[in-house]
Amino acid sequence: MRMVDVIDHKRNGSDLTNEEIKFFVDGVVDGSIPDYQTSALLMAIYFNGMADGEQAELAMQMLKSGDQLDLSDIPGIKVDKHSTGGVGDKTSIPLAPMIAALGIPIPMISGRGLGHTGGTLDKLEAIPGFNVELTEDQFKQQVKDIKLAIVGATGNIAPADKKIYALRDVTDTVDSIPLIAGSIMSKKIASGTDALVLDVKTGSGAFMKSGDQARDLAKALVSIGQNTGMDCMAVISDMNQPLGNMIGNALEIQESISILKGEGPADITDLVLTLGSQMVALAKKAKTLAEARAMLQAVIDNGKALESFRQMIVAQGGNGDVVDDPMLMPQAQFKIDLPAKADGVVAKMTADELGIASMLLGGGRQTKDDDLDYAVGLELHKKVGDPVKAGESLLTIYSNRESVDDIKTLLYDNIEIADHAEPIKLIHEIIK
């Protein structure tokens, strides 16, 4: 088999065979296929797409290129959740302990953030002492003991994806739905869970800006999962404004604790319960979504979800007292309000630009080697649709530098006050 023939088939619109996909992935990993031929095939895939079977085979071959976790000795249906990411999206942090409190094992492998949003691991590391780097044996034992662990990837999971992603980044093929779907699902399938709920974001703060793009990605992800034997579904949710009221690592842990106490903002609480209901149903713990939602609300009300979060923090070396006193996490030196310039209604809050503001304060990474300032970020006092008076605080900037004029300018440019606002629908669609 020659790589030039594989490229020719896809360039001319043919479906690649399983053998051709395996040949390609093997050659990427062992270095026998040069970068320029890999790049050519990626561009051919970008323009011609892939059929469902091709997408599933690509994900399977990428996961077979490295280590796979075997969680079969953990009793019960293992359920995970993946989000395509967004500003203020801390849903995994309150959601996982809620699910675990119902006796459902949650072996969650999460990532770090690069760009305008912090990753789940970065947020958890705002908790003093919290360790995201467990060995595979420690990870599995913790899930057996307390039903819950959130860690970074261990071992050598999907090395083909790492090499392919590096080339996608420099060949302008990042936003290819088959390649995005293969990248996400190869790692999720390799992590060994039985069922997966996907939260696919759409809007200004999401990778998929339009509803059609988000729907296509959600269908591709679910198709791959189902074609490889995983019980899988997707929720398409809105990211046209930040999720919740807090943006920033320690701030988002603080808000997660509020959610677990039943005191969180309505939008993120609703999303957590929506995603969680699907997870409980996939775990066969409830017959209906309404029953599942009631079960989740019950573990919030009786404190079991909060206690589950504390257990995970302690098990992973963190200070469990942050559950009672979030001020034990890093605190910003300066809190600076951003007053509204006019009366009206908040009509727009461009999510990605607010995320960039937090990043510029030190809450996110511009390069993978940047150190994070866990204390900084934004606390929103108004969201889209809320009335506001001139001089009233739109948000508070948490900063460790006194001068934030650049941040204020960026925020004013991306918060619009008008006579009325179009309501934002949080849950757009369910894909199964």
ask   = Just how far is it from atom CD1 of Ile109 to atom CD1 of Ile157, taken to the nearest 0.5 Å?
value = 4.5 Å
task = Write down the atom of Ser191, the atom of Leu71, and the distance for their closest heavy-atom approach.
result = O-CD1, 3.4 Å
message = Less than 3.5 Å apart, any donor N or O on the side chain of Thr202 or Lys209 sitting next to an acceptor on the other?
response = no
Worked check of salt bridge (Lys or Arg N to Asp or Glu O under 4.0 Å) between Asp216 and Lys219 = CA-CA 5 Å; Asp216 288 345; Lys219 287 180 176 178; 5.8 Å; no
inquiry  = Assess whether a salt bridge exists between Asp8 and Arg11, defined as any Lys/Arg side-chain N lying under 4.0 Å from an Asp/Glu carboxylate O.
reply    = yes
request  = Using a strict 4.0 Å threshold on nitrogen-to-oxygen distance, state whether Asp194 and Lys284 make a salt bridge.
outcome  = no
query = Hey, is the main chain of Met349 close enough, under 3.5 Å, to the side chain of Gln241 for a donor-acceptor pair?
reply = no
key: Side chains of Ile407 and Leu360 in contact at under 4.5 Å (non-hydrogen atoms)   = yes
query = When rounded to the nearest 0.5 angstrom, what is the spacing between CE in Met246 and CG in Leu378?
reply = 10.5 Å
query = What are the two closest heavy atoms between Asp89 and Ser83, and how far apart are they?
reply = OD2-OG, 2.6 Å
query = Between Pro94 and Ser256, what is the shortest heavy-atom contact and its length?
reply = CD-OG, 3.6 Å
pair Val222-Lys432: side-chain heavy atoms closer than 4.5 Å = no
ask   = Between Lys81 and Leu95, is any pair of side-chain heavy atoms under 4.5 Å apart?
value = yes
request  = Please answer whether the main-chain N or O of Asn414 pairs with a side-chain N or O of Glu416 as donor and acceptor at a distance below 3.5 Å.
outcome  = no
message = Looking at Asp337 and Pro339, would you say the former's side chain and the latter's main chain have a donor-acceptor pair under 3.5 Å?
response = no
request  = May I ask you to check whether over 12 heavy atoms, not counting those of Glu263, lie within 6.0 Å of atom CD?
outcome  = yes
query = Hey, is CG on Asp172 packed in by over 12 heavy atoms from elsewhere, all under 6.0 Å?
reply = no
remark   = To the nearest 0.5 Å, atom OG of Ser399 lies from atom NZ of Lys335 at 12.5 Å
key: Beyond-backbone contact of Ile164 with Phe24, side-chain heavy atoms, under 4.5 angstrom   = yes
ask   = Between Lys162 and Asn156, which heavy-atom pair has the shortest distance, and what is it?
value = NZ-OD1, 4.4 Å
ask   = Using a distance-only test with no angle check, is there a side-chain donor-acceptor pair under 3.5 angstrom linking Asn227 and Ser223?
value = yes
message = For Lys163, is there an ion pair with Asp30 - N to carboxylate O distance below 4.0 angstrom?
response = no
message = Within the 4.5 Å heavy-atom criterion, are Ile300 and Thr269 side-chain neighbours or not?
response = no
task = Write out all pairs satisfying salt bridge (Lys or Arg N to Asp or Glu O under 4.0 Å) with one or both partners inside residues 178-188, taking only residues at least two apart or from two chains.
result = Asp80-Lys188, Asp161-Lys187
note = CD1 (Ile127) and CZ (Phe309) are apart, to the nearest 0.5 Å, by 4.0 Å
inquiry  = Tell me which one of His428, Lys201, Lys425 satisfies side-chain contact (heavy atoms from CB on, under 4.5 Å) with Ser237.
reply    = Lys201
query = Given the rule in the side-chain contact (heavy atoms from CB on, under 4.5 Å) test, do Ile150 and Lys123 qualify, once you have shown the distances and angles that lead to the verdict?
reply = CA-CA 11 Å; Ile150 304 179; Lys123 294 164 189 174; over 6 Å; no
request  = Report yes if the side chains of Leu426 and Leu243 come closer than 4.5 Å at any heavy-atom pair, otherwise no.
outcome  = yes
key: Any donor-acceptor N/O pair, Glu136 side chain to Leu69 backbone, under 3.5 Å   = no
ask   = More than 12 non-hydrogen atoms from neighbouring residues, nucleotides or ligands closer than 6.0 Å to CD on Glu422, yes or no?
value = no
remark   = Tightest non-hydrogen contact, residues Gly205 and Ala351, listed as CA-CB, 3.6 Å
message = Evaluate Ile99 against Leu296 for side-chain contact (heavy atoms from CB on, under 4.5 Å), listing each step before the verdict.
response = CA-CA 7 Å; Ile99 299 295; Leu296 291 166; 3.9 Å; yes
task = Without swapping roles, check the side chain of Asn131 against the backbone of Gln316 for a donor-acceptor pair under 3.5 Å.
result = no
task = Kindly determine whether Met279 and Ile106 satisfy side-chain contact (heavy atoms from CB on, under 4.5 Å), including the steps that lead there.
result = CA-CA 10 Å; Met279 294 171 75; Ile106 303 292; 4.0 Å; yes
ask   = With a 4.5 Å limit on heavy-atom distance, are the side chains of Ile415 and Leu395 in contact?
value = yes
Pair Met233-Val197, side-chain contact (heavy atoms from CB on, under 4.5 Å): steps then yes or no = CA-CA 5 Å; Met233 60 80 59; Val197 171; 3.7 Å; yes
query = When you check the gap from the basic side-chain N to the acidic O, do Asp386 and Lys383 get nearer than 4.0 Å?
reply = no
ask   = Considering only heavy atoms from C-beta outward, does the side chain of Phe207 approach that of Ile180 to under 4.5 Å?
value = yes
Gln37 side chain vs Ile33 backbone, donor-acceptor pair below 3.5 Å = no
Heavy-atom pair of closest approach, residues Ile45 and Ser176 = CG2-OG, 4.1 Å
ask   = Taking Ser65 for the side chain and Ala160 for the main chain, is one N or O donor matched with an acceptor at less than 3.5 Å?
value = yes
message = How long is the straight-line distance from CG of Leu275 back to CG of Asp270, given to the nearest 0.5 Å?
response = 9.5 Å
task = Mark yes when over 12 heavy atoms from residues, nucleotides or ligands other than Lys348 sit less than 6.0 Å from its NZ; otherwise mark no.
result = no
message = Within this structure, what is the CD-CD distance for the pair Glu20 and Glu57, rounded to the nearest 0.5 Å?
response = 11.5 Å
inquiry  = Does this structure show an ion pair linking Asp405 with Lys408, if we count only N-O contacts that are shorter than 4.0 Å?
reply    = no
message = Donor-acceptor check, side chain of Asp343 to backbone of Ala390, threshold 3.5 angstrom: yes or no?
response = yes
